[in-house]
Novice: 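Shown below is the structure under consideration.
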Amino acid sequence: MKKTINPRLLGLLLLIVIAAGTGIIYQMTAGKKEPIRLTGYLGGEKIGFIEDEEVQEILRDQYGIEIDYSKAGSLDMVILDQEGMDYLFPSSQTALEYYRELKGEPAKSEIILNTPIVLYTHKIVSDVLEEQGIVSEEDGVMYLDMAEMARIITEERSWKEIGLPELYGNVSIDTTDPAKSNSGNMFAGLLANTLNGGVTVDEEALPRILPQLQEVFDKLGYMETSSSDLFSQFLKMGVGAKPIIAGYESQLLEFAVEQPDDFAKIKDDIVMLYPSPTVWSTHIYIALTENGEMAVDGLLDPQVQELAWEKHGFRTSVYSAATDTSGFGVNGLAKDITRVMQMPDYAVMRQIIDSLQ
């Protein structure tokens with residue numbers, strides 16, 4: 001004869017199981033808070049870094065934050081509506097000084113990432129520039145003589161004249177809009193220094209340099225407002241559309257890590273040229289609110305800084321990591337950045353920006 005379980009006993013057992021489960025769940029979640037979501041404006045070249053799942057996990061689990069963003073050019077983000085925004089994350093000191101001029105001192109600011117300005121071109125162009133003595137190789141790294149390049153551009157030499165009849169028009173370097181985006185802005189400052197005989201432009205020299213600078217940029221036509229968009233167009237459109245562009249070293253390094261199959265297809269054609277000299281792009285996090293300040297420690301976390309270099313190509317505070325360049329498989333990647341000059345100060349750059357709008 002089968003024994004039946006007393007319904008009351010069954011109900012009691014079920015209640016005990018539910019209570020025990022609830023207790024376990026409570027213990028697992030006790031003390032844990034929902035992460036604080038930060039929102040702000042971000043330069044397009046850092047989207048891969050901010051969206052990195054490993055970076056997000058560290059920020060969420062160890063610092064209690066999640067970072068959301070809207071993409072904007074470094075200078076554009078300073079003048080865009082900042083209602084409800086916790087941070088700005090541009091790519092230069094100029095953007096920070098611009099913010100201070102318009103809004104005053106931010107809640108907090110900190111340099112998080114660094115990357116030098118480089119030029120990207122195709123092997124057919126690099127080979128001809130090397131024949132012309134404008135590009136030279138040293139320890140496997142390709143350097144471009146900025147003074148010689150500036151001379152060819154200002155003299156309005158055609159691609160055909162320098163040995164590239166396949167390309168149409170005069171020699172030029174495509175950049176982002178220097179009045180809206182940092183990479184274009186920094187290249188404008190570097191070109192201004194070059195036109196000034198390799199000496200950092202000051203307010204006394206600027207009136208002599210500006211007309212030449214304006215003439216160069218006036219002939220570029222439409223310019224992208226995002227460094228990531230310009231780099232993407234360069235890769236997609238080929239040598240005929242964009243023979244040379246100015247960008248960040250980090251862009252090709254990140255592309256090599258994140259899209260290895262696509263990188264393998266272009267590896268032997270894309271050439272990274274280091275302007276001699278070049279300038280550093282300092283990616284500064286600007287906190288607008290108390291919540292925004294919470295991200296600074298997280299972004300400077302040693303693990304996050306290592307990921308910024310190893311997966312996204314930014315040269316960070318983790319110097320020992322940044323000296324190892326072998327992991328990217330990118331030809332001509334400089335181990336150290338030594339040929340560097342100072343950008344013009346903010347007062348000069350502000351006049352350059354205004355003149356190029």
Side-chain angles (χ1 to χ4, degrees), residues 45 74-75 90-98 111 113-121 129 133-139 141-154 172-176 178-179 181-214 216-217 227 244-251 272-284 313-316 319 322-323 332-353 355-356:
E45 70 288 333
S74 290
L75 300 178
S91 310
S92 74
Q93 186 73 28
T94 299
L96 174 59
E97 296 302 326
Y98 190 23
I111 296 173
L113 310 166
N114 294 285
T115 189
I117 293 293
V118 299
L119 304 178
Y120 290 111
T121 190
L129 293 178
I134 301 166
V135 166
S136 60
E137 181 180 344
E138 185 176 320
D139 297 326
V141 180
M142 307 301 286
Y143 293 97
L144 178 136
D145 186 327
M146 274 299 296
E148 278 301 298
M149 193 66 183
R151 180 182 63 81
I152 288 176
I153 292 173
T154 55
S172 64
I173 297 173
D174 282 295
T175 78
T176 54
S181 170
N182 179 67
S183 60
N185 176 259
M186 295 203 74
F187 184 75
L190 176 58
L191 184 56
N193 288 347
T194 303
L195 296 172
N196 195 40
V199 178
T200 301
V201 176
D202 57 20
E203 293 199 59
E204 182 179 347
L206 188 58
R208 176 173 50 83
I209 301 302
L210 268 184
Q212 298 177 74
L213 199 62
Q214 289 171 313
V216 170
F217 277 88
S227 306
I244 309 178
I245 68 164
Y248 301 114
E249 178 193 60
S250 60
Q251 291 176 289
M272 183 161 58
L273 304 174
Y274 289 86
S276 181
T278 188
V279 287
W280 279 104
S281 171
T282 54
H283 296 250
I284 298 178
F314 290 103
R315 299 191 182 240
T316 67
Y319 184 75
T323 58
L333 175 57
K335 184 174 182 179
D336 297 301
I337 308 301
T338 56
R339 305 180 186 187
V340 181
M341 74 182 310
Q342 292 296 317
M343 282 282 288
D345 65 25
Y346 176 69
V348 171
M349 286 308 303
R350 192 73 190 92
Q351 293 179 65
I352 290 175
I353 293 167
S355 73
L356 298 179

Novice: CE of Met186 to OG1 of Thr176: how many Å apart, nearest 0.5 Å?
Specialist: 11.0 Å

Novice: On a heavy-atom basis, which atom in Pro277 and which in Met341 lie closest, and how many Å separate them?
Specialist: CG-SD, 3.5 Å

Novice: Would you compute the distance between atom OG of Ser136 and atom CG of Leu273 and round it to the nearest 0.5 angstrom?
Specialist: 10.0 Å

Novice: For Phe314 and Glu45, which heavy atoms make the closest approach, and how far apart are they?
Specialist: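 Heavy atoms only, the tightest pair is CZ-O, 3.7 Å.
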
Novice: When rounded to the nearest 0.5 angstrom, what is the spacing between CG in Leu96 and OG in Ser74?
Specialist: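 Leu96 CG to Ser74 OG: 11.5 Å, rounded to 0.5 Å.
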
Novice: Looking at every heavy atom in both Met142 and Val135, which two are closest together, and how far apart are they?
Specialist: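 Here Met142 and Val135 meet closest at CE-CG1, 3.6 Å.
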
Novice: When you look at Ile244 and Leu129, which way does the side-chain contact (heavy atoms from CB on, under 4.5 Å) test go after all the steps?
Specialist: CA-CA 11 Å; Ile244 309 178; Leu129 293 178; 4.1 Å; yes

Novice: For Ile352, does its backbone N or O pair with a side-chain atom of Ser355 as donor and acceptor, under 3.5 Å?
Specialist: yes

Novice: Can you find a side-chain donor-acceptor pair between Ser281 and Ser91 that sits under 3.5 Å?
Specialist: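 No, no side-chain donor-acceptor pair sits under 3.5 Å.
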
Novice: Report the distance from atom CG of Leu75 to atom CE of Met349, rounding to the nearest 0.5 Å.
Specialist: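 Here the rounded value is 8.5 Å.
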
Novice: What's the separation between atom CZ in Arg315 and atom OG in Ser250, rounded to the nearest 0.5 Å?
Specialist: 10.0 Å

Novice: If I compare all heavy atoms of Pro178 with all of Leu356, which pair ends up nearest, and what's the gap?
Specialist: CG-CD1, 3.7 Å

Novice: Minimum heavy-atom separation for Phe217 to Ala188, with atom names?
Specialist: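 In this case the closest contact between Phe217 and Ala188 is CZ-CB, 3.7 Å.
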
Novice: With distance as the sole test, does Asn196 use its side chain to make a donor-acceptor pair with the main-chain N or O of Gly198 at under 3.5 Å?
Specialist: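 Pair absent, no side-chain N/O of Asn196 close to backbone of Gly198.
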
Novice: Would you confirm whether Gln251, through its side chain, and Tyr248, through its main-chain N or O, come within 3.5 Å as a donor-acceptor pair?
Specialist: yes

Novice: Compare all side-chain heavy atoms of Lys335 with those of Asp139 and state whether any distance is below 4.5 angstrom.
Specialist: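 They are not in side-chain contact.
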
Novice: Do Leu144 and Ile134 come close enough that some side-chain heavy atom pair is under 4.5 Å?
Specialist: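 They are in contact (side-chain heavy atoms under 4.5 Å apart), so the answer is yes.
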
Novice: Begin with the C-alpha distance, continue with both residues' side-chain angles, and end with the deciding distance and a verdict on side-chain contact (heavy atoms from CB on, under 4.5 Å) for Thr154 and Leu195.
Specialist: CA-CA 9 Å; Thr154 55; Leu195 296 172; 3.9 Å; yes

Novice: Who are the side chain to side chain contact (heavy atoms under 4.5 Å, CB included) partners of Ser172, not counting sequence neighbours?
Specialist: Leu220

Novice: Show every salt bridge (charged side-chain N to carboxylate O under 4.0 Å, His left out) that has at least one partner inside residues 183-203, sequence neighbours left out.
Specialist: none

Novice: Please answer whether the main-chain N or O of Asn182 pairs with a side-chain N or O of Ser92 as donor and acceptor at a distance below 3.5 Å.
Specialist: no

Novice: Would you call Gln93 and Ile284 a side-chain contact if the rule is heavy atoms closer than 4.5 Å?
Specialist: yes

Novice: Between Asp145 and Ser276, is there a side-chain donor-acceptor contact under 3.5 Å, judged purely by atom types and distance?
Specialist: no

Novice: Taking it one step at a time, do Met272 and Val141 satisfy side-chain contact (heavy atoms from CB on, under 4.5 Å)?
Specialist: CA-CA 8 Å; Met272 183 161 58; Val141 180; over 6 Å; no

Novice: Check the surroundings of atom CD in Gln342: do more than 12 heavy atoms from other residues, nucleotides or ligands lie under 6.0 Å from it?
Specialist: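 Result for CD/Gln342: open.
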
Novice: Keeping the roles fixed (side chain from Asn114, backbone from Thr316), state whether a donor-acceptor pair exists under 3.5 Å.
Specialist: no

Novice: Do side-chain atoms of Thr194 reach the backbone of Ala147 as a donor and acceptor pair under 3.5 angstrom?
Specialist: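 The answer is no, because no donor-acceptor pair under 3.5 Å joins these two groups.
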
Novice: How many angstroms lie between atom CE of Met146 and atom CG of Leu191, to the nearest 0.5 angstrom?
Specialist: 5.0 Å

Novice: What residues, two or more places apart in sequence or in another chain, satisfy salt bridge (charged side-chain N to carboxylate O under 4.0 Å, His left out) together with Glu148?
Specialist: Arg151

Novice: Between Ile111 and His283, is any pair of side-chain heavy atoms under 4.5 Å apart?
Specialist: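 No; the side chains remain at least 4.5 Å from each other.
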
Novice: Does any donor atom in the side chain of Tyr274 or Glu249 lie under 3.5 Å from an acceptor atom in the other side chain?
Specialist: yes

Novice: Evaluate the side-chain contact (heavy atoms from CB on, under 4.5 Å) criterion for residues Phe187 and Asn185: first the C-alpha distance (whole Å), next the side-chain angles of each, then the deciding distance (0.1 Å), finally the verdict.
Specialist: CA-CA 6 Å; Phe187 184 75; Asn185 176 259; over 6 Å; no

Novice: What's the shortest heavy-atom distance between Thr115 and Gly313, and which atoms?
Specialist: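 Heavy atoms of Thr115 and Gly313 come nearest at OG1-O, 4.4 Å.
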
